[in-house]
> 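I have a structure here, written as structure tokens, and I will follow up with some questions on it.
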Number of protein chains: 2
Amino acid sequence: MPPTPARREPLTRARVLAAAVALADAEGIEAVSMRRVAERLDVVPMALYKHIGDKEDLLDGMVDAVIADFRTAEGMPQNADWRTGFVALVLGARAALGMHPWARRVIETRTRRTSAVLGHMEALTRILLDGGLSPDLAHHAMHALGNRIWGFSPELFDDDPGHAAGARAESTAPAPDPAAYPSILAIAADARARRPDATSCDEDFEFGFALDLILDGIERARSTGWTSPC
Amino acid sequence: MPPTPARREPLTRARVLAAAVALADAEGIEAVSMRRVAERLDVVPMALYKHIGDKEDLLDGMVDAVIADFRTAEGMPQNADWRTGFVALVLGARAALGMHPWARRVIETRTRRTSAVLGHMEALTRILLDGGLSPDLAHHAMHALGNRIWGFSPELFDDDPGHAAGARAESTAPAPDPAAYPSILAIAADARARRPDATSCDEDFEFGFALDLILDGIERARSTGWTSPC
DNA sequence: ACCTGAACACCGTTCAAGT
DNA sequence: ACCTGAACACCGTTCAAGT
């Protein structure tokens, strides 16, 4: 009889998600469609529906796959300052997301809290509670940090005003006149003078500044025994 | 001759955007397609392309239309504390966005800085500079605030863990087990005990807490003469 | 049990044509 | 100048059928 044909590995949720992540890494998140993911797996699009619920579930799963690479809290120095452990987890998330530039945009659009998402939040919250924050303050701390718990901050300026946005879409609205935004120009000029070699703001410094500023505020609230007014 | 037929008002960018905003208000942002917007205007889809560049430009324009309703800085007390004016602008943005629940999600996905977006940033930045912040500190302040300059903070928890996410999509991944997240449960229980009538966290309080915390940090940096290390 | 084929109801966008 | 008709190249998802 003929040699057994190379039997295709059976589809699994993990294989589907890995293919989707690889596709997003290679071609960007807008290239990720059910059909293109199926194509990468040499399978007809409908085959995916046995393993993922729908497109939203695919995106949720892709985020989960990235979170699975986060450094865990295991082996963290046990009696260190709460800030040390907290910052380590956040910077671990930042490092993992740095490998998948599409992930931050996808995280911003997620509404379902998967077990991987809850796991990261739980680890952070536990550090806060163990560090002596009241549940109330820990709650507010998490909200104040927002998406910074994932190691990124929202992009405010993608570039200087008046810069022709690189994307392919052109607007029929009049282009902004840079001269109309003197204050923004002033801080942009200052930033450029300070770091003439950087093409944009130094993102790591920006992130650290904001993170420290918020954690300073939280620590101050903790040490002065802040309680919510209601 | 027959009575002149009711001549259709000619399409304009403003009319297209108004139709798109009305559609999003009525049916949610996912209902906004070029075809559905055209239908609302009694026009064939292609007619829109004379007035807007593409779908991205439509979304940019919708955000611009919402920003156009922001309370302006005109008539603001001139020699008040910089914080007063700053907070007034941010809360004005919050009020306007409150009328269009879809807008915050759309803003998070925008990458182009339109003149309306830059106008709001300029007004805020100007208040910071006039208030005595260095351009460098003003720059970091804006980044630290992130999307909070639009009057919203990212939703972290949409609900308690284990809550069956209301959306129609079901996942094939195992549902999270609430017991695995004791710290999150602890703060959720605490919040519920504190505000038993609220169905979720009190969003306005959350927002104000985080805004104040960040502005406290910025004001402290200003008054102690902070300068960036590079 | 797992995958397939064909189809449905949508998308955004182009181009050449109409008025 | 402004809008239309027909078409192209995609989408996500369903259902009944195949193996």
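Throughout, a chain's letter reflects where its sequence line sits, starting with A, and its residues are numbered from 1.
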> Tell me the partner of C:dT4, counting only Watson-Crick (N1-N3 plus N6-O4 or O6-N4) or G-U wobble (N1-O2 and O6-N3) with both under 3.5 Å; none if nothing fits.
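Answer to the pairing question: D:dA16, which forms a Watson-Crick or G-U pair with C:dT4.
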> Specify whether B:H140 and A:F205 have parallel, tilted or perpendicular ring planes, treating 30° as the upper limit for parallel and 60° as the lower limit for perpendicular.
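The arrangement is perpendicular - the two ring planes meet at more than 60°.
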> Rounded off to whole Å, could you give me the NZ-to-C1' distance for the B:K55 and D:dC11 pair?
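So the two atoms are 12 Å apart, to the nearest Å.
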> Can you tell me if B:R110 has over 12 outside heavy atoms packed within less than 6.0 Å of its CZ?
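Enclosed.
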> Could you tell me the separation between the CG atom of A:D57 and the C1' atom of D:dG12, rounded to a whole number of Å?
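Checked: the CG to C1' distance equals 14 Å.
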> In this structure, how many angstroms lie between the C1' atom of D:dC10 and the CD atom of A:E30, rounded?
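Those two atoms, CD and C1', are 14 Å apart.
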> To the nearest Å, give me how far apart CE (A:M34) and P (C:dC11) are.
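Distance, rounded to whole Å: 19 Å.
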> Do B:D25 and B:H100 have side-chain atoms, one donor and one acceptor, less than 3.5 Å apart?
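Yes, B:H100 and B:D25 have a side-chain donor paired with an acceptor closer than 3.5 Å.
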> Taking for each residue the nucleotide of DNA chain C bearing the nearest heavy atom, is the 5' side occupied by A:R35 or by A:P45?
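Comparing both residues, the 5'-ward one is A:P45.
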> Which base, if any, makes a Watson-Crick or G-U wobble pair with D:dC11, both distances under 3.5 Å?
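In the structure as shown, D:dC11 has no Watson-Crick or wobble partner.
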> Tell me the interatomic distance from A:D42, atom CG, to C:dT4, atom C1', rounded to whole angstroms.
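To the nearest whole Å, that distance equals 14 Å.
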> Quantified in whole Å, what is the C1' atom distance between nucleotide D:dC15 and nucleotide C:dC3?
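Looking at atom C1' only, D:dC15 and C:dC3 are 14 Å apart.
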> Please determine whether a side-chain nitrogen or oxygen atom of A:K50 lies at a distance below 4.0 Å from atom OP1 or OP2 of C:dC2.
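Negative; the distance criterion is not met.
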> How close or far is atom P of C:dC11 from atom CG of B:L23, stated in whole angstroms?
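Distance, rounded to whole Å: 10 Å.
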> Once you round it to whole Å, what is the distance between P of C:dT13 and CD of B:E56?
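Computing the B:E56:CD to C:dT13:P distance gives 9 Å.
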> Looking at A:R105, I'd like to know if its CZ atom is crowded, meaning that more than 12 non-hydrogen atoms belonging to other residues, nucleotides or ligands lie closer than 6.0 Å.
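Buried by this count: over 12 neighbours within 6.0 Å.
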> Categorize A:M46 for me: base, sugar-phosphate, or nothing, with a 4.0 angstrom heavy-atom threshold over every strand shown.
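Since a base atom lies under 4.0 Å of A:M46, the category is base.
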> If I take atom CG in residue B:D54 and atom C1' in nucleotide C:dT13, what distance separates them, rounded to the nearest angstrom?
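It works out to 9 Å between those atoms.
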> Is a donor on one side and an acceptor on the other found under 3.5 Å between the side chain of B:E122 and the backbone of A:S183?
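It does hold such a pair.
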> Out of C:dT13, D:dG12, C:dT4, which nucleotide sits closest to the side chain of B:Y49?
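Of the options given, the side chain of B:Y49 lies nearest C:dT13.
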> Let me spell it out: for each of B:H51 and A:S33, pick the nucleotide of DNA chain D with the closest heavy atom. Which residue's pick is nearer the 5' end?
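So the residue in question is B:H51.
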